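Handing you this structure, nothing more for now.
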Amino acid sequence: KRAAVRHVQTAAGSDTGVAVDFLNIVYKPHDNDVTLDFCVAIMPVVQQVLQSRQEPHLLVGVDVVTRLWRSFGELIVSTLSHAAAAKGGAKSTINFNDRQMRCHD
């Protein structure tokens with residue numbers, strides 16, 4: 001999937017429509033095969049779509065961001081709060097391996 005993302009970034013250039021089509025094909029609702037790693041990979045494509053002036057493109061970008069947040073928001077917030085607490089001297093209640101496994105589930 002990462003190779004496809006890189007190809008779309010190159011092929012899309014200034015054609016946001018290519019990026020929108022890619023997102024519509026690759027990131028379908030209820031897709032349980034999406035990992036946090038994949039989400040990070042598609043963020044440049046999503047960013048390109050969100051910079052469009054065309055409302056249909058913006059709606060696709062917002063939809064993808066919303067689905068990403070619903071899927072991974074809790075994990076992201078939890079990881080960030082544990083990291084902030086660790087900097088303040090508190091210890092994380094979840095170890096690195098457990099967080100990593102959750103990211104790839």
Side-chain angles (χ1 to χ4, degrees):
K1 286 186 178 181
R2 277 188 176 272
V5 172
R6 282 192 299 273
H7 181 70
V8 166
Q9 287 174 311
T10 303
S14 62
D15 186 0
T16 308
V18 172
V20 169
D21 290 343
F22 171 77
L23 290 174
N24 280 326
I25 291 169
V26 110
Y27 194 55
K28 300 180 187 303
H30 311 297
D31 188 354
N32 295 327
D33 192 31
V34 175
T35 64
L36 191 56
D37 187 47
F38 177 70
C39 295
V40 170
I42 67 169
M43 286 312 289
V45 176
V46 173
Q47 183 178 14
Q48 177 185 357
V49 169
L50 289 173
Q51 291 175 351
S52 173
R53 294 179 185 250
Q54 297 183 29
E55 185 176 354
H57 293 181
L58 291 172
L59 291 174
V60 169
V62 168
D63 181 53
V64 170
V65 169
T66 301
R67 286 188 273 153
L68 292 174
W69 183 253
R70 285 184 185 148
S71 296
F72 299 105
E74 185 178 325
L75 175 65
I76 293 167
V77 169
S78 172
T79 301
L80 290 174
S81 65
H82 286 296
K87 285 182 182 178
K91 296 211 178 210
S92 176
T93 58
I94 182 171
N95 69 35
F96 174 77
N97 291 334
D98 289 341
R99 282 195 306 275
Q100 189 175 27
M101 287 182 63
R102 287 185 186 182
C103 289
H104 294 291
D105 285 344

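Everything quoted here is computed from the prediction, not taken from an experiment. Side chains included, hydrogens not; waters and symmetry mates left out as well; all remaining heavy atoms used.
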- Just jot down the side-chain contact (heavy atoms from CB on, under 4.5 Å) partners of N24, sequence neighbours excluded, or say none. V20, V60
- Message: For T66, give me all partners under side-chain contact (heavy atoms from CB on, under 4.5 Å), at least two apart in sequence or on another chain.
- Response: V62, R70
- Message: According to side-chain contact (heavy atoms from CB on, under 4.5 Å), who are the partners of Q54, at least two apart in sequence or on a separate chain?
- Response: S52, P56, H57
- Note on the structure: Those residues at least two apart in sequence (or on a different chain) that pass side-chain hydrogen bond (donor to acceptor under 3.5 Å, both in side chains) with T79 are none
- Query: Got a second to check how far L75's CG is from L80's CG, nearest 0.5 Å?
  - Reply: 9.0 Å
- Task: Give, for atom OG1 of T16 and atom CD of Q51, the distance between the pair rounded to the nearest 0.5 Å.
- Result: 8.5 Å
- Message: Clusters formed by hydrophobic residues whose side-chain heavy atoms approach within less than 4.5 Å: which one holds V77, and what are its other members?
- Response: W69
- Residue set satisfying side-chain contact (heavy atoms from CB on, under 4.5 Å) with V65, at least two apart, ordered chain then number -> V46, L50
- Item | Nearest heavy atoms of A19 and V49, plus distance in Å | CB-CG2, 3.7 Å
- Message: What I'd like to find out is whether the side chain of V64 reaches to under 4.5 Å of the side chain of I42, using heavy atoms alone.
- Response: yes
- Check: R67 main-chain N/O paired with S71 side-chain donor or acceptor under 3.5 Å: yes
- Note on the structure: What one should report as the nearest heavy-atom pair of L36 and F72 is N-CZ, 3.5 Å
- Query: When clusters are formed by joining ILVMFWY residues with side-chain heavy atoms under 4.5 Å apart, either directly or through shared neighbours, do L58 and L23 land in the same one?
  - Reply: no
